[in-house]
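Below, chain A is the first sequence line, B the second, and so on; all start at residue 1.
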Amino acid sequence: MKVITWNVNSVRARLPHVELFLKEQQPDVLLLQELKCEEHAFPASLLDFGYNCALFGQKTYNGVAILSKHPIEDIQNGIPNFEDTAARYVEAFTGGVRVASVYVPNGQEIDSKAYHYKLDFLNALYSHCKTLLGFDERLVIGGDFNIAPSDEDVCNPAAWQGQVLCSQLERDAWRKITYLGLADAVKDSTTGAMPYTWWDYRKGAFAKDDGLRIDHLLLSPNAADALKTTKVHKNMRGLERASDHAPVECVLTI
DNA sequence: ATGGTAGACGATCTA
């Protein structure tokens, strides 16, 4: 089973890329973030590729979805027990796996209101992950976490020292979630340099490979036992009018 | 302390 997560930065602006990607990669499950549209505005053509969809949309900002070749059941919009006006989390059971598409808040500036909202969101995600792990299912949580877990995940750590995406409190929150027993699929299957998943549109960051690894796939023990390969589809970031994020893939032997 | 780019949207806001 192939599961891929991708922050598309507007699904309508990225329609040709997403269509191309579905055709070429045929993922079983595609977890999307930053749709930037409501459900009625989601491009129907994407479902013509043979996908079912669980969609938690929002106008202008945020919006997350699960596309799956398999039937989708047990859909949950938003993190349970967390008040949030933003559409940043959708979860469902499909093809024998529980999957979630998560778009963690960016945080804007250290100590800003947005930063504390990010930490609150991560704390709620931690609590919910603890609940989900109690189900003892195969679980894949994919998304844009807006956290580079360590300096190995940053091309230029000095420039990002203490900044949002790299601050200690964010990394502490990440560590707390993974220490529940969730595997960082890409890290665990990578030898040598970590692949980046996001490159800023500004200052020619992609051309310089000045990126960060902030999009992740977290696997429960049952899913991690089945992990075969991972891959970052960096080529998608190099296209004209690309999202600033590349798709991140894992293949499970189930 | 701001800039650089992108997207939605129609002046700024988020990233």
Exercise for review: Specify whether Tyr117(A) and Phe82(A) have parallel, tilted or perpendicular ring planes, treating 30° as the upper limit for parallel and 60° as the lower limit for perpendicular.
Suggested key: parallel
Check your understanding: Arg12(A) CZ to dG7(B) P: how many Å, rounded?
Key -> 13 Å
**Study point:** Residue closer to the 5' end of DNA chain B, Ala242(A) versus Asn106(A) (nearest nucleotide)
**Key:** Ala242(A)
Review point. Can you check whether Arg241(A) has a side-chain N or O nearer than 4.0 Å to OP1 or OP2 of dG7(B)?
Key: yes
Exercise for review: Compare the minimum distances between each of dC9(B), dA15(B), dG7(B) and the side chain of Gln108(A), then state the nucleotide with the smallest one.
Suggested key: dA15(B)
Point to revise | Same-atom distance (P) from dT5(B) to dC9(B), integer angstrom | key: 22 Å
Point to revise | Length of the line joining Glu34(A):CD and dG7(B):P, which is rounded to integer Å | key: 11 Å
Review point. Whole Å only: how far is the OH atom of Tyr115(A) from the C1' atom of dT14(B)?
Key: 18 Å
Review point. Just by distance, with hydrogens left out, do His128(A) and Glu91(A) show a side-chain donor and acceptor under 3.5 Å apart?
Key: yes
Point to revise | Rounded distance in Å between the P positions of dA6(B) and dT2(B) | key: 22 Å
Study note, to complete from the structure: note: Glu240(A), atom CD; dG7(B), atom P; distance rounded to Å ~ 11 Å
Review point. For the pair made of NE2 in His17(A) and C1' in dG7(B), what is the distance, rounded to whole Å?
Key: 14 Å
Practice item. Indicate yes or no: does Asp184(A) engage Arg213(A) in a salt bridge with an N to O separation below 4.0 Å. Key: yes
Exercise for review: Could you give the distance separating dG4(B) and dT14(B) at their C1' atoms, to the nearest angstrom?
Suggested key: 15 Å
Exercise for review: Determine whether the aromatic ring centres of His233(A) and Trp6(A) lie less than 6.0 Å apart.
Suggested key: no
**Study point:** Separation of the P atoms in dA1(B) and dA15(B), to the nearest angstrom
**Key:** 23 Å
Exercise for review: Would you check if Trp198(A) and Asp215(A) make a side-chain contact, meaning some heavy-atom pair closer than 4.5 Å?
Suggested key: yes
Review point. Pick the nucleotide of DNA chain B nearest each of Arg88(A) and Val11(A); which residue has the one closer to the 5' end?
Key: Val11(A)
**Study point:** Arg98(A) with Asp74(A): basic N within carboxylate O range, under 4.0 Å
**Key:** yes
Review point. Under 4.0 Å between a side-chain N or O of Arg14(A) and OP1 or OP2 of dG7(B)?
Key: yes
Exercise for review: Round to the nearest Å and state the distance from Tyr61(A) atom OH to dT12(B) atom P.
Suggested key: 13 Å
Point to revise | Value in whole Å for how far the C1' atom of dA15(B) lies from NZ of Lys113(A) | key: 18 Å
Practice item. Determine the contact category for Phe206(A): base if any of its heavy atoms lies under 4.0 Å from a base atom, sugar-phosphate if only primed atoms, P, OP1 or OP2 are that close, otherwise nothing. Key: nothing
Study note, to complete from the structure: Whole-Å distance, Asp200(A) CG to dG4(B) P, equals 13 Å
Exercise for review: Select one nucleotide: of dG7(B), dA15(B), dG3(B), the one nearest the side-chain heavy atoms of Asn62(A).
Suggested key: dA15(B)
Exercise for review: Consider the side chain of Tyr201(A), meaning its heavy atoms from C-beta on, and name the nucleotide among dC9(B), dT5(B), dA8(B) that approaches it most closely.
Suggested key: dT5(B)
Point to revise | Nucleotide nearest Arg202(A) (side chain, heavy atoms from C-beta), chosen from dG4(B), dG7(B), dC9(B) | key: dG4(B)
Check your understanding: Just to confirm, is there a sub-4.0 Å distance from OP1 or OP2 of dA6(B) to any side-chain nitrogen or oxygen of Arg237(A)?
Key -> no
